[in-house]
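Notes follow the structure.
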Amino acid sequence: MPRPILASLDPSAVAHNLSRVRECAPRSRVWAVVKADAYGHGIEAVYPALASADGFALLEIGEAARIRALGWTGPILLLEGFFDAADLEAVLELKLTPVLHDDAQIDMLLGMRPSAPVDVFVKFNTGMNRLGYTDGRGRKAVERLRAASEVGTVGLMMHFPEADLPDGVAGPLGRFEAETAGLPGPRSMANSASVLLHPATHADWVRPGILLYGGSPTGDRDGPAFDLKPAMELTSELIAVQQLAPGEAAGYGQRFVAQRPTRVGVVACGYADGYPRHAPDGTPVMVAGRRCALAGRVSMDMLTVDITDAPEAGIGSRVELFGRHLAVDEVARHCGTIGYELMCAVAPRVKRRVGFGEAG
Ligand SMILES: *Cc1c(COP(=O)(O)O)cnc(C)c1O
């Protein structure tokens, strides 16, 4: 038998979540964000569920090539543009839509003299202070691009730093409107949080990522509270059970010390599978259909759970680290991180399966 850890993927959940985007932003086109191999889910696994999106957004040429290989002929947005001339050749060949945030990229693009016009977006920095133009330089970039015969459509884009907050978009939105006043071209602002919380930001194109996979973009509500369905379930099994007397401890550093006679279940899942090593005692883990608590430091290949209150649990019992019965967002909150990180962290050594199967 192979090691029992498994990441199951449910394309129908992704399709449901995309339909939530359509409900929330009915007048906008949708860039389905599939960077980081579809947030760890695998581009090929989610593609059929996302093929009714209007475009895909990602960072790497290799991922764009994989989407083209799946038969996608529509637009593909390169969120960080291109990094050098070799990239740019692939951008032209694959007919990608780069986001340009710097004059050096524009020089490179126009210097290439592409044979067919290239569609682009120009990135405006409205307070995130990572990528993008400020102080009227974005307008100059747009005007320069619009005058070049090598360039097709010139879109306008920005990214919110605090769209997860109820009043988090007004400032950047106002700055974007001022910087782009009177400029034609399609506009794109909204990530998942804005899709769900801020209709005023939806504009021509929305760019949801995490919500497509059923994760929440906000710290205070889990995905299901937004009627999102989890697309990934990380499961394993108990491979051993230990009986601890009060005062006995479990795992490296002996972090968990039994306060009562305690049954400890040993799960085939560790940080080398992508489960966070910094998960504290008490982090929820589903064992045999019951919520139990992590007990002891996560090791490389195993973790330990207090299963005293799940007397039916034993070797071979099903363990859900996150999924349909335990939101990834809740596990992430215990670990001081966000669902995005846990999804993206699932390691290559974890087998993937399409479909959630029977053992719900
Ligand atoms: C990742 C990313 C998104 C998607 O963000 P979510 O919070 O996952 O919806 C949108 N826009 C840009 C520029 C991104 O980098």
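This is a predicted model, so every value here is computed, not measured. Start at 1 and go down the list; that is how both ligands and their atoms are numbered.
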inquiry  = Check this for me - ligand 1, Ile210, N or O atoms closer than 3.5 angstrom, yes or no?
reply    = yes
query = Under a heavy-atom criterion of less than 4.0 Å, does Trp31 contact ligand 1?
reply = no
key: Short N-O contact, Asp164 and Arg221, less than 4.0 angstrom   = no
inquiry  = I'd like to check Thr235 versus Phe356 (side-chain heavy atoms, cut-off strictly below 4.5 Å). Are they in contact?
reply    = no
ask   = Relative to the heavy atoms of Ser192, which atoms of ligand 1 are at a distance of less than 4.0 Å?
value = 6 (P), 9 (O)
query = Hey, does the side chain of Arg139 reach the backbone of Ala181 with a donor-acceptor pair shorter than 3.5 angstrom?
reply = yes
task = Would you mind running through ligand 1 and noting each atom that sits below 4.0 Å from a heavy atom of Met157?
result = 13 (C)
query = Per the side chain to side chain contact (heavy atoms under 4.5 Å, CB included) rule, which among Leu131, Thr126, Thr180 passes with Met158?
reply = Thr126
inquiry  = Taking distance alone, with N or O pairs closer than 3.5 Å, would you say Gly209 contacts ligand 1?
reply    = yes
query = Quick one: which ligand 1 atoms are inside 4.0 Å of a heavy atom on Arg207?
reply = 3 (C), 4 (C), 9 (O), 10 (C), 11 (N), 12 (C), 13 (C)
Report all side-chain donor-acceptor pairs from residues 266-275 shorter than 3.5 Å, counting only partners two or more places apart or in another chain.
| unit_1 | atom_1 | unit_2 | atom_2 | d |
| --- | --- | --- | --- | --- |
| Asp273 | OD1 | Arg3 | NH1 | 2.9 |
| Asp273 | OD1 | Arg349 | NE | 2.6 |
| Asp273 | OD1 | Arg349 | NH2 | 3.2 |
| Asp273 | OD2 | Arg3 | NH1 | 3.4 |
| Asp273 | OD2 | Arg3 | NH2 | 2.9 |
| Asp273 | OD2 | Gly270 | N | 2.8 |
| Asp273 | OD2 | Arg349 | NH2 | 3.1 |

key: Close approach, Pro217 and ligand 1, non-hydrogen under 4.0 angstrom   = no
query = What is the minimum heavy-atom distance between Ser8 and Gly355, and which atoms define it?
reply = CB-O, 3.5 Å
query = If you count the atoms of ligand 1 from 1 in the order shown, which ones are under 4.0 Å from a heavy atom of Leu79?
reply = 13 (C), 14 (C), 15 (O)
note = Pro208 heavy atoms within 4.0 Å reach ligand 1 at atoms 9 (O)
ask   = Considering distance alone, does some N or O of Lys35 sit under 3.5 Å from an N or O of ligand 1?
value = yes
query = Can Glu80 and Lys35 be counted as an ion pair, charged N to O under 4.0 angstrom?
reply = no
key: Minimum-distance protein heavy atom relative to atom 12 (C) of ligand 1   = His159 CE1, 3.5 Å
ask   = Do Val206 and Ser194 have side-chain heavy atoms sitting under 4.5 Å apart?
value = no
inquiry  = Using a 4.0 Å cut-off to any heavy atom of Tyr340, which atoms of ligand 1 qualify?
reply    = 6 (P), 7 (O), 8 (O)
query = For atom 8 (O) of ligand 1, which protein heavy atom lies nearest, and how many Å away is it?
reply = Tyr39 OH, 2.6 Å
remark   = Asp119 meets the salt bridge (Lys or Arg N to Asp or Glu O under 4.0 Å) criterion, sequence neighbours left out, with none
